[in-house]
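Following: one structure in structure tokens, then a few remarks.
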Amino acid sequence: MDRYAGSLEEVADGTRQQERHYQLLSALQSLVKELPSSFQQRLSYTTLSDLALALLDGTVFEIVQGLLEIQHLTEKSLYNQRLRLQNEHRVLRQALRQKHQEAQQACRPHNLPVLQVAQQRELEAVEHRIREEQRAMDRKIVLELDRKVADQQSTLEKAGVAGFYVTTNPQELMLQMNLLELIRKLQQRGCQAGKASLGLGGCWPPPAAQCDQEGSPVPP
């Protein structure tokens with residue numbers, strides 16, 4: 001009798017899993033229609049079905065949310081580092097201007113042209129240093145963000161999420177971004193409809209920092 005009851009429970013669990021898989025797959029197929037046609041063609045039924053399977057127990061939603069939180073903290077830290085560097089450069093320029101003004105005020109008129117030439121060379125050297133430090137900081141930011149992307153790809157690949165592996169191919173990166181967007185929207189639907197409907201966790205936090213038109217990060 002116990003064996004029979006256990007078998008019935010296994011069948012019921014299997015049926016619930018199939019229903020949940022179908023529900024997730026249907027939701028993914030609906031969301032894919034919102035993507036550009038070029039990406040729709042790459043997201044086959046098999047890919048979406050495998051993605052739905054990976055999302056069944058809700059673990060991947062928690063992993064993705066954790067990765068996004070780490071990314072947000074990383075971007076915030078890098079933004080603050082660049083902001084500190086910009087402040088240091090502003091202070092350096094102000095101090096140099098003040099130094100030059102005081103030197104010119106104390107300089108004898110017949111020595112002023114020579115002083116101004118020397119000050120111009122000093123100014124150019126400081127500006128060159130500032131540009132080099134800004135470039136170094138920007139390279140550091142790009143490398144750190146690239147490392148985070150690779151970490152995310154590796155983590156999601158190990159979690160069995162379809163379409164994820166370590167790559168720097170722009171088209172593959174865009175495809176992975178679209179897959180993450182599908183997961184994000186699924187999670188939002190779960191929040192809006194109630195966790196019981198899809199069994200999903202909490203909503204994602206808002207998007208992380210962006211850059212302004214000059215390439216400087218905008219605060220998260």
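A salt bridge is absent between R121 and E124: the closest approach of a Lys/Arg side-chain nitrogen to an acidic carboxylate oxygen does not fall below 4.0 angstrom. A salt bridge links E122 with K99: the distance from a Lys NZ or Arg NE/NH1/NH2 to an Asp or Glu carboxylate oxygen falls below 4.0 Å.
Put simply, L56 and I183 are part of the same group of oily side chains (I, L, V, M, F, W, Y) that touch within less than 4.5 Å, one to the next. A continuous path of Ile, Leu, Val, Met, Phe, Trp and Tyr side chains, each step under 4.5 Å between heavy atoms, connects M177 with L51, placing both in one hydrophobic cluster. Side-chain heavy atoms closer than 4.5 Å link hydrophobic residues (I, L, V, M, F, W, Y) into clusters, and following such links, even through other members, never connects I130 to I141. A continuous path of Ile, Leu, Val, Met, Phe, Trp and Tyr side chains, each step under 4.5 Å between heavy atoms, connects L67 with L186, placing both in one hydrophobic cluster. Cluster annotation: V64 and V149 are assigned to distinct hydrophobic clusters (Ile/Leu/Val/Met/Phe/Trp/Tyr, side-chain heavy-atom contacts under 4.5 Å, transitive).
Between atom CG of residue L43 and atom CG of residue N178 there is a gap of 7.0 Å, rounded to the nearest 0.5 Å. Of the inter-residue distances, the one linking L182 atom CG with R184 atom CZ reads 10.0 Å to the nearest 0.5 angstrom. The CD atom of Q17 sits 8.0 Å away from the CG atom of D57 when rounded to the nearest 0.5 Å. Within the model, atoms CG of L68 and CD of Q152 stand 8.0 Å from one another, a figure rounded to the nearest 0.5 Å. One finds the CD atom of Q40 at 6.5 Å from the CG atom of L35 (value rounded to the nearest 0.5 Å).
Within 6.0 Å of CZ on R129 lie no more than 12 heavy atoms contributed by other residues, nucleotides or ligands. Counting non-hydrogen atoms of neighbouring residues, nucleotides and ligands closer than 6.0 angstrom, the CD atom of E127 exceeds 12 such neighbours.
Residues L179 and L156 fail the side-chain proximity criterion, which asks for heavy atoms closer than 4.5 Å. Using a 4.5 Å heavy-atom cutoff, the side chains of Q187 and Q65 are in contact. A heavy-atom distance below 4.5 Å is found between the side chains of T59 and I63. For the pair H100 and R97, the minimum side-chain heavy-atom distance is 4.5 Å or more. Two residues are said to be in side-chain contact when any heavy atoms from C-beta on lie closer than 4.5 Å; Q134 and H89 meet this criterion. Looking at R84 and N80, their side chains come closer than 4.5 Å, going by heavy atoms from C-beta outward. Looking only at side-chain heavy atoms (C-beta outward), R82 and D138 come within less than 4.5 Å of each other. Residues L78 and M137 fail the side-chain proximity criterion, which asks for heavy atoms closer than 4.5 Å.
The backbone N or O of Y45 lies less than 3.5 Å from no partner atom in the side chain of S49, so there is not a single donor-acceptor pair.
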Identify all side-chain donor-acceptor contacts of residues 158-168 below 3.5 Å with residues at least two apart in sequence or on another chain.
| unit_1 | atom_1 | unit_2 | atom_2 | d |
| --- | --- | --- | --- | --- |
| Y165 | OH | E172 | OE1 | 3.1 |
| T167 | OG1 | N169 | N | 3.0 |

With a 3.5 Å cut-off and sequence neighbours excluded, list the donor-acceptor pairs that the side chains of residues 102-118 form with protein atoms.
| unit_1 | atom_1 | unit_2 | atom_2 | d |
| --- | --- | --- | --- | --- |
| E102 | OE2 | Q98 | NE2 | 2.8 |
| Q104 | NE2 | Q119 | OE1 | 2.7 |

Distance-only donor-acceptor hits, side chain of residues 26-34, under 3.5 Å, sequence neighbours excluded:
| unit_1 | atom_1 | unit_2 | atom_2 | d |
| --- | --- | --- | --- | --- |
| S26 | OG | Y22 | O | 2.9 |
| E34 | OE1 | K185 | NZ | 2.9 |

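Checked by atom type, the side-chain pair E157/Q153 shows no donor-acceptor distance below 3.5 Å. Between the side chains of R90 and Q94, no donor N or O sits under 3.5 Å from an acceptor N or O. Using modelled atom types, one finds a donor on one side chain and an acceptor on the other under 3.5 Å when comparing S77 with Q81.
Heavy atoms only, all atoms of each residue included: L85 and E133 are closest at CD2-O, 3.6 Å.
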